[in-house]
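All of these numbers come straight from a predicted model, not from anything done at the bench. Atoms within each ligand, like the ligands themselves, are counted from 1 in listed order.
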Amino acid sequence: MYVKKLFTLVFIQKENQILLGLKKRGFGMNKWNGFGGKVEPNETIIDAAVRELKEECCLIVKPGDLKNIAHIEFTFEGQPTLMDVRVFSTNIFEGTPQETEEMKPKWYDNDGVPFEDMWLDDKLWFPYLLQGKSFFGHFHYEGFDKILNYKIEEQVSM
Ligand SMILES: CSc1nc2ncnc(N)c2[nH]1
């Protein structure tokens, strides 16, 4: 029986670039990632995604411009937690990415994503993200540095 926790993850994309943030504290510190976090009890998933993006890099997006492109679950050997991560992307945004206490933003070329400084699973599913393909993924970890098993299934549309 898992204890499910809901998270958002937002990727801002340009023609051939993707915006990543270097996490400066907390869970995933010193890893490059998209922007997001926990969904609070009083908000929708989309509202949480919009809120976290603004808080973490000062970009503004409209809820309607966020496309839900993936649903990724993370479980951990011997732990009850299931991280239920809803992934969104858009190329419509307002503002310029700013560094905050949480994240240092940087544009990366799609063919230069720093996988060696990201979560282990990211290099497995980023190709789907970069090709605009919707997918479901489940990654079962042992600790935080070893993937025991995983699956990725392309979805026709989310
Ligand atoms: C704990 S395993 C994990 N992989 C991840 N990849 C991208 N964003 C996350 N929040 C991730 N968590």
field: Near-ring test Phe74/Trp119, centroid separation under 6.0 angstrom
entry: no

Numbered atoms of ligand 1 (with element) below 4.0 Å of Asp122, judged on heavy atoms: 5 (C), 6 (N), 7 (C)

- prompt: For ligand 1, which atoms sit closer than 4.0 Å to a heavy atom of Asn33?
  reply: 7 (C), 8 (N), 9 (C), 10 (N)

- prompt: ligand 1 versus Phe126, non-hydrogen atoms closer than 4.0 Å: side chain, backbone, both, neither?
  reply: neither

query: Any idea which part of Ile72 is under 4.0 Å from ligand 1, heavy-atom wise: side chain, backbone, both or neither?
result: neither

- prompt: When you measure from atom 4 (N) of ligand 1 to every protein heavy atom, which one gives the shortest distance, and what is it?
  reply: Asp121 OD1, 2.6 Å

task: Begin with the C-alpha distance, continue with both residues' side-chain angles, and end with the deciding distance and a verdict on ring pair (Phe, Tyr, Trp, His ring centres under 6.0 Å) for Tyr150 and Trp125.
output: CA-CA 11 Å; Tyr150 74 94; Trp125 54 264; over 10 Å; no

- prompt: Are the aromatic ring centres of Phe144 and Phe27 under 6.0 angstrom apart?
  reply: yes

message: When you measure from the heavy atoms of Phe139 to every atom of ligand 1, does any distance fall below 4.0 Å?
response: no

query: Among Lys23, Lys104, Lys24, which one satisfies salt bridge (Lys or Arg N to Asp or Glu O under 4.0 Å) with Glu99?
result: Lys24

- prompt: At what distance is the nearest protein heavy atom to atom 11 (C) of ligand 1, and which residue and atom is it?
  reply: Trp119 CD1, 3.4 Å

- request: Give the ring-plane orientation class for Tyr128 versus Phe135, where under 30° counts as parallel, over 60° as perpendicular and anything between as tilted.
  value: tilted

query: Do the charged groups of Lys62 and Glu94 touch, with an N to O distance under 4.0 Å?
result: yes

- line: To atom 1 (C) of ligand 1, the nearest of Trp125, Phe76, Tyr141 on a heavy-atom basis is Phe76

